[in-house]
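In what follows, a single structure is set out as structure tokens and then discussed.
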Protein chains: 2
Amino acid sequence: MSAISNSRSDKGDRPKARSGKWTMTIITLLRDQPQRFNALRRQTGISQKTLTTTLRELERNGFVLRTMFATIPPRVEYELTELGRELLELSEGVRDFFQRRRPQMEAARERFDASGGEPEIRLNHP
Amino acid sequence: MSAISNSRSDKGDRPKARSGKWTMTIITLLRDQPQRFNALRRQTGISQKTLTTTLRELERNGFVLRTMFATIPPRVEYELTELGRELLELSEGVRDFFQRRRPQMEAARERFDASGGEPEIRLNHP
DNA sequence: CAGAATCCGCTCAGATACTG
DNA sequence: CAGTATCTGAGCGGATTCTG
């Protein structure tokens, strides 16, 4: 274990790229105004550890700006950067797509599940 | 274990929605022409199990059409549906975004890692 | 309040072996 | 060739505990 300090900056191993199940949710919540840590926590029900991890990666990649206020108790605010705002637009596009196409997807799933997943079968080869 | 058959249609539990690390790769490979199972396998280096799972979910959701030819040896082709083609466009948009913004992201990462992840600190509260 | 550190269970993806 | 069945290891996300 570390001998002197245990701050994050001591660890030599940088976090690997994460897909981030909660990433889209977080940046969506940051759309309209900066938010504090526990505000995000309450709105999402996300665990503290995962929220921290998600926010750190967003910060690290330049999508979110973290600002600490040296008050007691401490106050930390997260807000979208310009780059983060672009990511938000992108992610809204993705969400819109799946929302628009949801009926087709559900219909396809019903067909697939009803047929037990049996594919088209052709006897002739093209 | 199953008493009589072990075909997929026997299992009552349907697969849950998967994020699919390889999904984008696969539909990109299907852009220009239908492809056979092992062709996809060779081009990606993806394991056979994961390829099957990925293709099945794409098929189930209506993005990919699977066609079996009753020949010996068997021949199975995968191709994009119209819906799949829309998903392809979307995913190309996503890839383009991260490609375009890669420099900004890498710059942000360097700043973050160099500073040990220390945030902006403000002494006054707004 | 905003985290860091730890432990833990689950799911995902790869490796392997076997079939129609 | 195109799968299915199984085992296994790694990583993610949650719960809990502790601190500045």
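Letters go in sequence order (proteins before strands), and every chain restarts at 1. Computed from a predicted model, the values in this text were never measured in an experiment.
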Please list, chain by chain and in numerical order, all residues satisfying side chain to side chain contact (heavy atoms under 4.5 Å, CB included) with A/E110, sequence neighbours excluded. none
What residues in residues 27-44 of chain B put a non-hydrogen atom under 4.0 Å from any atom of DNA chain D? B/R36, B/F37, B/N38
Between A/S47 and D/dA15, is there a side-chain N or O to OP1/OP2 distance below 4.0 Å? no
Heavy atoms, side chains only, cut-off 4.5 Å: are A/F37 and A/L55 in contact? yes
Contact check, side chains of B/T67 and B/V76, non-hydrogen atoms, under 4.5 Å: no
What residue pairs, at least two apart or across chains, pass salt bridge (Lys or Arg N to Asp or Glu O under 4.0 Å) with a residue in residues 35-44 of chain A? none
Measure from CG on A/L55 to P on C/dA4 and round the result to the nearest Å. 11 Å
What residues form a side chain to side chain contact (heavy atoms under 4.5 Å, CB included) with B/M105, not counting sequence neighbours? A/N61, A/F63, A/L83, B/F98, B/R109
Mind listing the N/O atom pairs, protein and nucleotides 17-20 of chain C, below 3.5 Å?
| from | atom 1 | to | atom 2 | distance (Å) |
| --- | --- | --- | --- | --- |
| C/dA17 | N6 | B/Q48 | NE2 | 3.4 |

Figure out the CH2/P separation between A/W22 and D/dC12, and round it to whole Å. 16 Å
Within this structure, what is the CZ-to-P distance between B/R56 and D/dA5, rounded to whole angstrom? 11 Å
Nearest nucleotide by nearest heavy atom, which residue falls closer to the 5' end of DNA chain C, B/L51 or A/V76? A/V76
Rounding to 10 degrees, work out the angle separating the end axes of the helix from C/dC1-D/dG20 to C/dG20-D/dC1 (five pairs an end). 40°
Listed by chain and number, what are the side chain to side chain donor-acceptor pair (under 3.5 Å) partners of B/Q43, not counting sequence neighbours? B/Q35
A/I46 atom CD1 is separated from D/dT16 atom C1', nearest whole Å, by 17 Å
Could you state the atom-to-atom distance from CZ of A/R122 to C1' of D/dA2 in whole Å? 18 Å
Quick one: salt bridge (charged side-chain N to carboxylate O under 4.0 Å, His left out) partners of B/R100, sequence neighbours excluded? none
Is B/Y78 close enough to D/dG3 that one of its side-chain N or O atoms is under 4.0 Å from OP1 or OP2 there? yes
For atom CD of B/E118 and atom P of D/dG20, their distance in whole Å: 16 Å
Using the salt bridge (charged side-chain N to carboxylate O under 4.0 Å, His left out) criterion, which residues pair with A/E86? Sequence neighbours excluded. B/R101
Is B/T50 near enough to C/dG14 that one of its side-chain N or O atoms lies under 4.0 angstrom from OP1 or OP2? yes
B/R111: what forms a side chain to side chain donor-acceptor pair (under 3.5 Å) with it, not counting sequence neighbours? none
Euclidean distance, atom NZ of residue B/K49 to atom P of C/dT11 [Å, nearest integer]: 13 Å
Would you please name every residue forming a side chain to side chain donor-acceptor pair (under 3.5 Å) with A/R31, sequence neighbours left out? A/E92
Taken to the nearest whole Å, CD1/A/I72 to C1'/C/dA2 is 13 Å
Return yes if some donor-acceptor pair links the side-chain N/O of B/T81 with the main-chain N/O of B/G62 below 3.5 Å, else return no. yes
Just jot down the side chain to side chain donor-acceptor pair (under 3.5 Å) partners of A/T44, sequence neighbours excluded, or say none. none
